[in-house]
Chemist: 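Would you mind keeping the following structure in view while I ask a few things?
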Amino acid sequence: MASNIRVRIAPSPTGEPHVGTAYTALFNYCLAHSANGKFLLRIEDTDQTRCTPGSEESIFKALRWLGLEWDEGPDIGGPFGPYRQSERLPIYKEHAMQLVEKGSAYFCFCTQERLAKMQEKQKAEKKNLGYDGCCRLIDPTEAGKRAHAGEPHVIRLKVEKSNNETTTFFDEIRQKDVTYNNIEIDDQILLKTDGFPTYHLANVVDDHLMRISHVIRAEEWIPSTPKHVMLYKAFGWDMPKFAHLSLLRNADKSKVSKRKNPVSLNWFRAAGYTKEAIINFLGLLGYSSGSASERFTISDMLNGFSLDRISTSSPVFDLEKLKTLNEEYIRGYSLDGYIQYMKDTIDFAARHLSPIMSEVQKRHKIGLGFNVWTDMFFKTELEYTANDFITKETNKKQVEDTLSALAKAIDAFGKKIPTAQDFEECIRIYTDTSGLDARSTLMTVRVAITGSQTSLPLYESMALIGKDRCVQRIKQAVAYVRSIR
RNA sequence: GGUCCCAUCGUCUAACGGUUAGGACAUGGCCCUCUCAAGGCUAAAAUAGGGGUUCGAUUCCCCUUGGGACUACCA
């Protein structure tokens, strides 16, 4: 007997599958499966500039690996498809136009330049940020003509703010109303110049058309929920229930980030974390069943699952606890299970490290000896040795200066994902200008990045480790060198 | 800055008005032991502060403080 409960996980195919996606998926999955409902997967690829090839497939694989199977989705279809937003463009456009006709949305012809200027001015005057409503003044028929004539435009939500209106929604996890004054709410863009919808429009339209009953998503969405509420009202649709999961955090309490924590599900899998441990751990962070045992599977969670038992405070993602759970699960495997786990891990790790595996092969002496070379990819903190940094040719200050400068240089890549060549060029500059000779500079970097004077080729390793973790390691190395007496 | 969310050991949490504030991870000590793991025992460790409400507040309300998120033609 199917219930009316329908929930979804809606990841964006940008980069590696994120542990936060699994966290959100887990609770969605639990609600659906504890109540005989449906769990759907929808790909939110409305920002074409951020989508990366292979990411979608990678998300599917990672979620399936964890056992978070979906009932409807882009790869398996379902009665409310398509489940990829880029394939639903006409739907959003049509709905956006509906809102314009109803007077709940309007065309905006402001240029990026004008918007930037406006924002600058608001900042300078310390006023609250947000669109100033300039294009609200344009006569609707006039605006319609201009848009029709092909003038670049967006469609904005017309937030009613004349009479001190407020917008409220009930949060099923916090078990309370959350209220916003409409004055605080921006006239959000619904349809972009390129004809793609923003998250706000696409998410509301799809959730409605896909009959979503509960929107369970991360806490960062709380401030935009009132906009969604207004959209439901403008369309005249029934509202789903809302539930916001607290954010996973780094040890310093900031939102969990790859700069400070491993966050890629692929990394966890390649590093040998078991799916059971990850699920158990994520469950532990956000949920307590009230039962005595801290060891549980997804099906254990289903028993008596309830949104109001999900915690409201944001947990620190404590890798130590995960490691302990992982040990326990490995120990609990049958011998066959253990062998299977090893096969899977080696297979996955080798593929994960494929760009550098031929280099590992050259150095492979016997047995499972590839670990000797690849372990450093899966450590969160390296164990440095003073003598590796301070040699005949180098002193403390030189090493410190070189590494500090390099950290800044790598940071300067910004959003770019640097390749091995990029790293090489970046480091070359420092071998030319630093006080150290090239050989010593490179050795210093090698030790900082890999933890050893003997390692796989440096630039390729750095590319695989990734910009953020490289910077993190170099900073840790600087701190270590500083601590040497 | 503004808005909103959150607040129990270092960390994850239990206690949904009455407990010596419980457990787990990590940490220290001890035991077991051919090494290392594992296992057993044990120690230290928390209700952010101030006001209310109540016979009684970790629990309900308010203020302060602290932390976080959001503040994009990103999601």
Side-chain angles (χ1 to χ4, degrees), chain A residues 10-15 18 20-21 43-51 85 108-112 115-116 119 122-131 152-156 166-169 171 173-186 188-203 217-227 244-256 280-295 308-309 311-328 330-331 415:
Chain A
S12 295
T14 55
H18 198 275
T21 304
I43 292 292
E44 309 229 325
D45 54 352
T46 54
D47 184 359
Q48 294 291 297
T49 60
R50 299 207 327 158
C51 295
Q85 290 187 328
C108 169
F109 303 94
C110 291
T111 60
Q112 300 272 19
L115 259 21
Q119 219 175 59
Q122 287 171 336
K123 265 184 193 160
E125 292 170 9
K126 294 199 169 169
K127 281 191 179 155
N128 288 345
L129 270 32
Y131 182 61
H153 63 274
V154 300
I155 293 178
R156 284 182 187 272
T166 58
T167 302
T168 299
F169 68 94
D171 189 288
I173 289 175
R174 280 147 240 280
Q175 287 286 303
K176 58 178 278 205
D177 281 333
V178 179
T179 300
Y180 283 81
N181 192 317
N182 286 14
I183 292 168
E184 307 290 340
I185 303 170
D186 200 10
Q188 192 67 51
I189 289 178
L190 302 176
L191 205 70
K192 303 184 249 185
T193 309
D194 63 4
F196 277 68
T198 56
Y199 170 86
H200 307 284
L201 207 224
N203 146 271
R217 79 234 297 187
E219 188 186 7
E220 53 194 330
W221 293 107
I222 290 180
S224 44
T225 304
K227 295 170 191 169
H244 292 93
L245 257 9
S246 295
L247 256 17
L248 265 19
R249 307 202 202 190
N250 299 310
D252 67 1
K253 310 273 175 144
S254 56
K255 173 164 111 174
V256 77
N280 194 155
F281 179 62
L282 292 178
L284 226 36
L285 288 185
Y287 190 74
S288 69
S289 62
S291 83
S293 175
E294 291 200 341
R295 286 272 301 271
D308 59 23
R309 291 204 68 97
S311 50
T312 51
S313 57
S314 306
V316 171
F317 192 93
D318 178 14
L319 213 56
E320 283 309 312
K321 187 137 184 175
L322 210 208
K323 280 183 191 164
T324 304
L325 277 169
N326 203 52
E327 267 180 66
E328 288 175 12
I330 288 174
R331 215 178 295 139
K415 281 188 176 166

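Everything numeric here is computed off the predicted structure, so don't read it as measured data. Heavy atoms only: backbone and side chains are in, while hydrogens, waters and symmetry mates are out. Residue numbers start from 1 in every chain, and the chains themselves are labelled A, B, ... in the order their sequence lines are given, proteins ahead of strands.
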Chemist: Could you check which nucleotide pairs with B/C25 in any of the strands shown, counting Watson-Crick or G-U wobble with both distances under 3.5 Å?
Modeler: B/G10
Chemist: Rounding to a whole Å, what distance do you find between A/R217:CZ and B/C5:P?
Modeler: 15 Å
Chemist: Considering just the side-chain nitrogens and oxygens of A/S313, establish if one lies under 4.0 Å of OP1 or OP2 belonging to B/A7.
Modeler: no
Chemist: With rounding to whole Å, what would you report as the distance between B/U47 and B/A57 at their C1' atoms?
Modeler: 11 Å
Chemist: What's the CD-C1' distance between A/E184 and B/G2, to the nearest Å?
Modeler: 6 Å
Chemist: Applying a 3.5 Å limit to both distances, which nucleotide forms a Watson-Crick or G-U wobble pair with B/A69?
Modeler: B/U3
Chemist: Do nucleotides 60-75 of chain B as a string where each nucleotide becomes B, S or -: B if the base has a protein heavy atom under 4.0 Å, S if just the sugar-phosphate does, - if no protein is that close.
Modeler: -------SSSSSSBBB
Chemist: Write down the atom of A/T46, the atom of A/Q85, and the distance for their closest heavy-atom approach.
Modeler: CG2-OE1, 3.4 Å
Chemist: In Watson-Crick or G-U wobble terms, both distances under 3.5 Å, what is the partner of B/U33?
Modeler: none
Chemist: Looking only at side-chain N and O atoms, does A/K176 come under 4.0 Å of OP1 or OP2 in B/C6?
Modeler: yes
Chemist: By the 4.0 Å heavy-atom rule, please label A/T179 as base, sugar-phosphate, or nothing.
Modeler: sugar-phosphate
Chemist: Considering only heavy atoms and no angle criterion, is a donor-acceptor pair shorter than 3.5 Å present between the side chain of A/K321 and the base of B/A26?
Modeler: no
Chemist: Step through it carefully: locate the ring centre of A/F281, locate the ring centre of A/F317, and say whether they are under 6.0 Å apart.
Modeler: yes
Chemist: Just the rounded figure in Å: distance from P of B/U13 to CZ of A/F317.
Modeler: 13 Å
Chemist: Round to the nearest Å and state the distance from A/L284 atom CG to B/A24 atom P.
Modeler: 12 Å
Chemist: Name the residue from A/N181, A/D186, A/N182 that meets the side-chain contact (heavy atoms from CB on, under 4.5 Å) definition with A/E184.
Modeler: A/N181
Chemist: Looking only at atom C1', what distance separates B/U13 and B/U3, rounded to whole Å?
Modeler: 30 Å
Chemist: Counting distance only, does the side-chain N/O of A/T179 pair as donor-acceptor with the main-chain N or O of A/T168 below 3.5 Å?
Modeler: no
Chemist: For nucleotides B/A38 and B/A45, find the distance between their C1' atoms and express it as a whole number of Å.
Modeler: 26 Å
Chemist: Between A/E320 and A/K323, is the salt bridge (charged side-chain N to carboxylate O under 4.0 Å, His left out) condition met? List the steps.
Modeler: CA-CA 5 Å; A/E320 283 309 312; A/K323 280 183 191 164; 3.7 Å; yes
Chemist: Look only at the side chain of A/R174 and the backbone of A/H244, and say whether a donor-acceptor pair between them is shorter than 3.5 Å.
Modeler: yes
Chemist: State whether the side chain of A/S314 and the backbone N or O of A/L248 hold a donor-acceptor pair below 3.5 Å, judged by distance alone.
Modeler: no
Chemist: Roughly how far, to the nearest 0.5 Å, is CG of A/L245 from CD of A/E219?
Modeler: 9.0 Å
Chemist: Sorted by first residue and then second, give each salt bridge (charged side-chain N to carboxylate O under 4.0 Å, His left out) pair with at least one member in residues 244-255 of chain A; sequence neighbours left out.
Modeler: A/E220-A/K255, A/D252-A/K260
Chemist: Considering only the P atoms, how many Å lie between B/C62 and B/C4, rounded to the nearest integer?
Modeler: 13 Å
Chemist: Can you tell me how far C1' of B/U11 sits from CG of A/L248, to the nearest Å?
Modeler: 13 Å
Chemist: Using the C1' atom in both, what is the distance from B/C73 to B/A14, to the nearest Å?
Modeler: 47 Å
Chemist: Round to the nearest Å and state the distance from A/L245 atom CG to B/C6 atom C1'.
Modeler: 14 Å
Chemist: Let me know the distance between CG of A/L325 and P of B/U13, rounded to the nearest Å.
Modeler: 13 Å
Chemist: What integer number of Å spans the C1' atoms of B/U58 and B/G2?
Modeler: 32 Å
Chemist: Please give, in whole Å, the distance from B/A24 P to A/F281 CZ?
Modeler: 17 Å
Chemist: Can you tell me how far C1' in B/C25 sits from the matching atom in B/U20, rounded to whole Å?
Modeler: 24 Å
Chemist: Measuring to OP1 and OP2 of B/A7, would you say a side-chain N or O of A/T312 lies under 4.0 angstrom away?
Modeler: yes
Chemist: Would you measure the distance from the C1' atom in B/G22 across to the matching atom in B/A15 and give it in whole Å?
Modeler: 8 Å
Chemist: Is there a donor and acceptor pair closer than 3.5 Å between the side chain of A/E294 and the base of B/G23?
Modeler: yes
Chemist: Regarding A/S246, tell me which of base, sugar-phosphate or nothing describes its non-hydrogen contacts under 4.0 Å with the strands shown.
Modeler: nothing
